[in-house]
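Residue numbers run from 1 in the order of the sequence given.
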Amino acid sequence: MNAPMPRRLVLKATSGADRPETINQVFTVATAALAAGTEVGVWLTGEAAWMAVPGRADDVALEHAAPLADLVAAVLEAGTLTVCTQCAARRGITEASVLPGTRIAGSSLFVEEILDPTVQALVY
């Protein structure tokens, strides 16, 4: 009997500090999936791109939620964190200005990742 292929979860965040509940939900789901043993990737687009810059997640406070900076750190430790190339460029975010372990990549890599049949993609 064949074992089912492991699934990977890719989450795309489109909001940042402008929508604290949404960005916190992305990272809450990501860390819950990591804790369950799922491979996780988080893509930051639009205003969410700022969450890859040191100190920016500290500025997002949400009552009854884990600190966003802790959730971002957990994703960096056990998953992948990617900032959209164009979104980074529009905000002056560079490889040198993001949290260690963060990558900046374009839409072709995002599409490649989410078209994998073992991937579940969610957009927030």
Side-chain angles (χ1 to χ4, degrees):
M1 180 174 225
N2 292 338
M5 292 184 70
R7 304 260 334 245
R8 175 170 154 73
L9 180 62
V10 174
L11 299 138
K12 181 178 184 181
T14 60
S15 301
D18 58 323
R19 293 181 58 210
E21 283 184 301
T22 302
I23 192 63
N24 194 280
Q25 183 69 26
V26 170
F27 282 97
T28 298
V29 169
T31 56
L34 287 167
T38 303
E39 187 180 339
V40 174
V42 175
W43 280 75
L44 303 176
T45 65
E47 287 299 296
W50 290 114
M51 298 305 104
V53 174
R56 288 299 187 106
D58 293 326
D59 295 338
V60 180
L62 187 61
E63 189 175 354
H64 307 294
L68 185 58
D70 293 350
L71 299 174
V72 172
V75 169
L76 279 167
E77 183 177 317
T80 59
L81 187 64
T82 308
V83 177
C84 159
T85 302
Q86 290 181 15
C87 301
R90 281 191 284 275
R91 290 160 179 80
I93 298 171
T94 65
E95 294 278 350
S97 64
V98 295
L99 295 163
T102 303
R103 65 184 178 169
I104 296 177
S107 59
S108 61
L109 182 58
F110 176 74
V111 170
E112 180 183 324
E113 286 186 14
I114 65 168
L115 289 180
D116 183 309
T118 65
V119 168
Q120 173 67 54
L122 300 174
V123 177
Y124 284 84

Hey, what do you get for [atom1] ([X]) to [atom2] ([Y]), rounding to the nearest 0.5 Å?
X	Y	atom1	atom2	result
Leu68	Met51	CG	CE	6.5 Å
Gln25	Leu122	CD	CG	10.0 Å
Arg90	Thr85	CZ	OG1	10.0 Å
Gln120	Leu11	CD	CG	9.0 Å
Thr118	Glu39	OG1	CD	8.0 Å
Thr14	Ile23	OG1	CD1	8.0 Å

Do we get Lys12 above Tyr124's six-membered ring, with its NZ or CZ under 6.0 Å from the centre and within 45° of the axis? no

What pair of heavy atoms forms the shortest contact from [X] to [Y], and how long is it?
X	Y	answer
Gly46	Cys87	N-SG, 3.2 Å
Pro100	Leu76	O-CD2, 3.7 Å
Ala48	Ser15	CB-O, 3.2 Å
Val72	Ala57	CG2-CB, 4.2 Å
Thr80	Gly41	OG1-CA, 3.2 Å
Val83	Ala88	CG1-CB, 3.8 Å

Can you tell me if [X] uses its side chain to pair, donor with acceptor, with the backbone of [Y] under 3.5 Å?
X	Y	value
Thr45	Ala13	yes
Asn24	Ala66	yes
Thr31	Phe27	yes
Asp18	Gly16	yes

If two hydrophobic side chains count as joined below 4.5 Å and joins carry through other members, does [X] share a cluster with [Y]?
X	Y	value
Val10	Val75	no
Val42	Ile93	yes
Leu9	Phe110	no
Val119	Val26	no
Trp43	Leu81	no

Can you tell whether the side chains of Glu47 and Arg91 come within less than 4.0 Å, N to carboxylate O?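 Salt bridge: yes.
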
Judged by modelled atom types alone, do Arg103 and Thr82 share a side-chain donor-acceptor pair under 3.5 Å?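 Short answer, yes.
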
